[in-house]
There are 2 protein chains.
Amino acid sequence: MTKNLTRREKVKLANREAILSAAEEIFAEKGFYAATVDEIAERAEFSKGALYTYFKNKEDIFLSLVLDKVDKQKEMNQGLGASLAPMECIKRLIRAHLKFFEENKEYFQIITSERNRFKPGTKNKLRRELMKRFQSYLKDVEGLMKAAIDKGDLKNLTPNYLAIALIGIINSFTAQWIFTGSESSLQEMSEVVTKLFLEGAKA
Amino acid sequence: MTKNLTRREKVKLANREAILSAAEEIFAEKGFYAATVDEIAERAEFSKGALYTYFKNKEDIFLSLVLDKVDKQKEMNQGLGASLAPMECIKRLIRAHLKFFEENKEYFQIITSERNRFKPGTKNKLRRELMKRFQSYLKDVEGLMKAAIDKGDLKNLTPNYLAIALIGIINSFTAQWIFTGSESSLQEMSEVVTKLFLEGAKA
DNA sequence: TATAAAACTGAATAGTTAGTCATAAGGTAC
DNA sequence: GTACCTTATGACTAACTATTCAGTTTTATA
């Protein structure tokens, strides 16, 4: 699918990816404001000026990056088979989420750090787009919860609350995994997370 | 207890609080780097120079603020009666947490945004202190979980995981509450949160 | 009220950084 | 090989911001 591109176009695309990848690391480590364009350029092995032929400005780098990842995550969700029994779907969702964050921990750090700044009221088109996708993402999980409730698999609670709780547990495990040095495997937490979410803590 | 302070000392203390309160709003809104000392000074109705008679520098303002709040939160935890049955304790912990975040949403925003930057390796004394207190905070919740397990009230899972899950659910509800405009009461979520944590989602 | 100490002010300083642009290098097509 | 076009470079600019400090105002005391 990356075919019927000229050599030049392919190089351009690869360079773009390299810049985004460098930016991901820097933004994760320092946050949007403390990260400098110079540093991103250096890590990507380009001059600063070159970055501006790929992206309009620093914010454009940032938002392109996050947008790409949000889409990848959403794609992943769709790929986990809505045809399955809702319950099985939820188990897979948990595993897929943990896998995604394990493979994209910089992204996780970026969104947890910067989500506050995506709040309503912003004029920027990309930011609005991003907010829209965050919301649509939550809605997807909610939809899954609703299906499971209708099937009688889950308690009849507001799907929104179920989704918030599940995402919260996943995020919390991910954050702690990162904080403690990301040494073990995050995916291995799937069973505990699933058990805690479905069965609860009570004996 | 604020007695046997001279008038001057009392004013000084009040001013310090005012500056921290202004800083809290600005830091929550913009994050540490994007917040400017000018803006904090203006909101606190002081000149920029005056801030430097109260605090060593911008970071000192920030860390003093967070340290104060961490301590308040810890204090709150201790105040909820360790003598009670563990189960009752957990219920109160959930309510107390939600209440605290409802009353300190700026603090919540600040720590979720900046926690990444508190990671190991920092030389700064205050930062290390802060990290230590975060850890000790998690340990407190873990201790509670352990007590409840020993009593046979909770499943025999790693207390660390139980604590992570509960904190995750609470944080997630808080984040969503803030994201959607903080209009309803967050404390009212206590029952849902408790139910989800203890009973789980499964029907 | 006079005096000294404390606290405040805001302009000046020193440093940083996003973004630009004239110039150079590299690639493409004939 | 040459003329042309695309991309890369990095010094430069303009703007911003943390911190300082000399001079001013306020407060406490006697």
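Chain naming here is simple, since letters A, B, ... match the order of the sequence lines and numbering starts at 1 in each.
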J.: Please give me the minimum heavy-atom distance between Phe55(A) and Leu20(A), naming the atom from each residue.
T.: CZ-CD2, 3.6 Å

J.: Please report the shortest heavy-atom distance between Gln109(A) and Ala28(A), naming the atom on each side.
T.: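 Answer, listing the atom of Gln109(A) first, then Ala28(A): OE1-CB, 3.8 Å.
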
J.: Check every nucleotide of DNA chain C for an atom under 4.0 Å from a heavy-atom of chain B, then give the first and the last such nucleotide from 5' to 3'.
T.: dA6(C) to dG10(C)

J.: Got a donor-acceptor contact below 3.5 angstrom from the Lys74(A) side chain to the Phe134(A) backbone?
T.: no

J.: Anything under 30° is parallel, anything over 60° is perpendicular, the rest tilted; go ahead and classify His97(A) against Tyr137(A).
T.: tilted

J.: Would you find more than 12 non-hydrogen atoms of other residues, nucleotides or ligands less than 6.0 Å from Lys99(A) atom NZ?
T.: no

J.: With sequence neighbours excluded, give me every side-chain hydrogen bond (donor to acceptor under 3.5 Å, both in side chains) pair touching residues 158-168 of chain B.
T.: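 Listed once each, the pairs are Glu142(B)-Asn160(B).
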
J.: Can you check each nucleotide of nucleotides 7-22 of chain D against protein heavy atoms at under 4.0 Å and return B for base, S for sugar-phosphate only, - for none, in 5' to 3' order?
T.: SSBB------SBBB--

J.: Let me confirm one number: the CZ-CZ distance from Phe100(A) to Phe108(A), rounded to the nearest 0.5 Å.
T.: 11.5 Å

